[in-house]
Amino acid sequence: MPDRAPQPVDRQLPTEEARDLISLVRDIAQQEIVPKAAEEEDAGRFPRELFTLLSRSGLLGLPYDSEYGGGDQPYEVYLQVLEELAAARLTVGLGVSVHSLASYALAAYGTKEQQVEHLPAMLGGGLLGAYCLSEPHSGSDAAALRTKAVRDGDDWVITGTKAWITHGGIADFYTVMARTGEEGPRGITAFLVPGDAPGVSAAPPEKKMGMKGSPTAQVHFDGVRVSDARRIGEEGQGFAIALSSLDSGRLGIAACAIGVAQAALDEALAYAAQRRQFGKPIADFQGLRFMLADMATQIEAGRALYLAAARLRDAGRPFARQAAMAKLHCTDTAMRVTTDTVQILGGYGYTADFPAERYMREAKVLQIVEGTNQIQRMVIARHLVGPEGR
């Protein structure tokens, strides 16, 4: 069997502009991301200068309105860009997804005045965002959050701690969910908080199994004062905004997961083509060929699933159930495919000399972030048979 380099994904894109966009992303990935990915991940270095480049290239605001500096791209295209970036380095793909998640509340629920004032800098002005919902004691049970915002004249004073915040400590702005009223989901309101506001601080980044280059930290709000002009949506609407944000964000995680899985499959294919045992390439052995076939099939199914959900979103139709399915399937696929890639590479797969072990470590977190896969199953079941305890 001759050596054969894995080919780029053959994407079905709706416009010539989208094809040019994917070409741009691939160029940036190969020239700016891939060569430094392993070294920077090992060193725990976040590539802030790369995010400045992505912003200047129009890649941090793709699904948003061009009136405010966005790219006017449908989610169908935006998610495929995320997949390409995540295949090059998950820290980058997930970082773009989180930035988009942090921008969503203002883009979807902000007033015209708020959007004119803030969105151009958020979408194309070099800023980096973070999304603050989870807390030390409330992860899956997000409606139990305790961070409070108390009205003081024309201002709000925010006090509390958020946990597991991607870009915590380095973000230029935080979209923060805080309690302004009664217990439960109806007493939560959303705010746009500047990263340099007095009283905002971050704990040292968590020491994680993977994605070491992406800072994840607790963020503390110690009497942080923001004007009512930075309240997003109505008082008490924050939890609904958060859930709406997560529906879209879960599609971003699904696309990132398929990117990691595709990178792992490409590594497995390249290795299987050149590694020889018993006088022939290991890709000639039927057992391994079946593994590769299953891996490729799972990836294609995941890609089709997240794109189908994206097309529903683009058409203005409900897509929450499909988003949960995509997040569940695609992240489970990433875990299976990366594990199989390590197995195919054997002892080499377990060493840091090859990227397979990094892909495997990174895939695990995708089954946890933006709603664990157990939560996704609960969401799907509610759509199928209704809420629990009826």
Y174 meets the ring-ring contact (aromatic ring centres under 6.0 Å, His included) criterion, sequence neighbours left out, with none

Residue pairs passing the side chain to side chain donor-acceptor pair (under 3.5 Å) test with at least one member in residues 207-216, sequence neighbours excluded, are K208-T216

**Message:** Under a 3.5 Å distance rule, please check whether T189 uses its side chain to pair with a backbone N or O of E235 as donor and acceptor.
**Reply:** no

One should read off an interatomic distance between E370 CD and L246 CG, to the nearest 0.5 angstrom, of 6.0 Å

Is it true that the side chains of T351 and E357 contain a donor and an acceptor less than 3.5 Å apart? no

(Q) Under 3.5 Å, is there a donor on one side chain and an acceptor on the other for T333 and R336? (A) yes

- Is the shortest heavy-atom distance from the side chain of I28 to the side chain of S57 under 4.5 Å? yes

Report yes or no: do R151 and T180 form a side-chain donor-acceptor pair below 3.5 Å?
-> no

Test item: R250 side-chain N/O and A320 main-chain N/O as donor-acceptor pair under 3.5 Å: no

To the nearest 0.5 Å, atom OH of Y359 lies from atom CG of D266 at 8.0 Å

Notebook entry, point to check: Taking atom types as modelled, is there a side-chain donor on R303 or Q262 under 3.5 Å from an acceptor on the other?
Noted result: yes

Those residues at least two apart in sequence (or on a different chain) that pass ring-ring contact (aromatic ring centres under 6.0 Å, His included) with H118 are none

Interatomic distance, CE@M209 vs CZ@R358, rounded to 0.5 Å, equals 14.0 Å

Only residue of E300, E83, E76 satisfying salt bridge (charged side-chain N to carboxylate O under 4.0 Å, His left out) with R11 is E83

Applying salt bridge (Lys or Arg N to Asp or Glu O under 4.0 Å), run through R311 and D314 and close with a yes or a no. CA-CA 5 Å; R311 289 168 185 140; D314 290 333; over 6 Å; no

(message) Any non-hydrogen side-chain atom of P281 less than 4.5 Å from a side-chain atom of R275?
(response) no

The reported gap from CD in Q322 to CG in L312 (rounded to nearest 0.5 angstrom) is 5.0 Å

If only side-chain N and O atoms count, and only distance matters, is there a donor-acceptor pair under 3.5 Å linking H220 with S201?
no

For the residue pair D154 / S227, report whether a side-chain donor-acceptor contact shorter than 3.5 Å exists. no

- Message: So does L366 get a backbone contact from the side chain of K327, meaning a donor-acceptor N/O pair under 3.5 Å?
- Response: yes

N/O donor to acceptor pairs below 3.5 angstrom from side-chain atoms of residues 31-39, sequence neighbours left out:
none

- Query: Ignoring hydrogens and geometry, is there a side-chain-to-backbone donor-acceptor pair from S100 to V96 under 3.5 Å?
  - Reply: no

So ring pair (Phe, Tyr, Trp, His ring centres under 6.0 Å) across residues 61-107, not counting sequence neighbours, yields Y75-Y78, H99-F173

Under-4.0 Å salt bridge between E84 and R26: yes

**Request:** Answer yes if the side chains of E41 and T91 hold a donor-acceptor pair under 3.5 Å, and no otherwise.
**Result:** yes

Value for CZ (F319) from CG (L251), rounded to nearest 0.5 Å, stands at 6.0 Å

So, S23 side chain and R19 main chain: donor-acceptor pair closer than 3.5 Å or not?
yes

Applied to residues 47-74, the salt bridge (Lys or Arg N to Asp or Glu O under 4.0 Å) test, sequence neighbours excluded, yields R45-E49, R48-D172, E67-K112

### Query
Do Q367 and K364 have a side chain donor and acceptor closer than 3.5 Å?
yes

Other residues, nucleotides, ligands: >12 heavy atoms within 6.0 Å of Y350 OH: no

Under 3.5 Å side-chain donor-acceptor pair for Q298 and D294: no

Are side-chain heavy atoms of D155 and V226 found at a separation under 4.5 Å? no

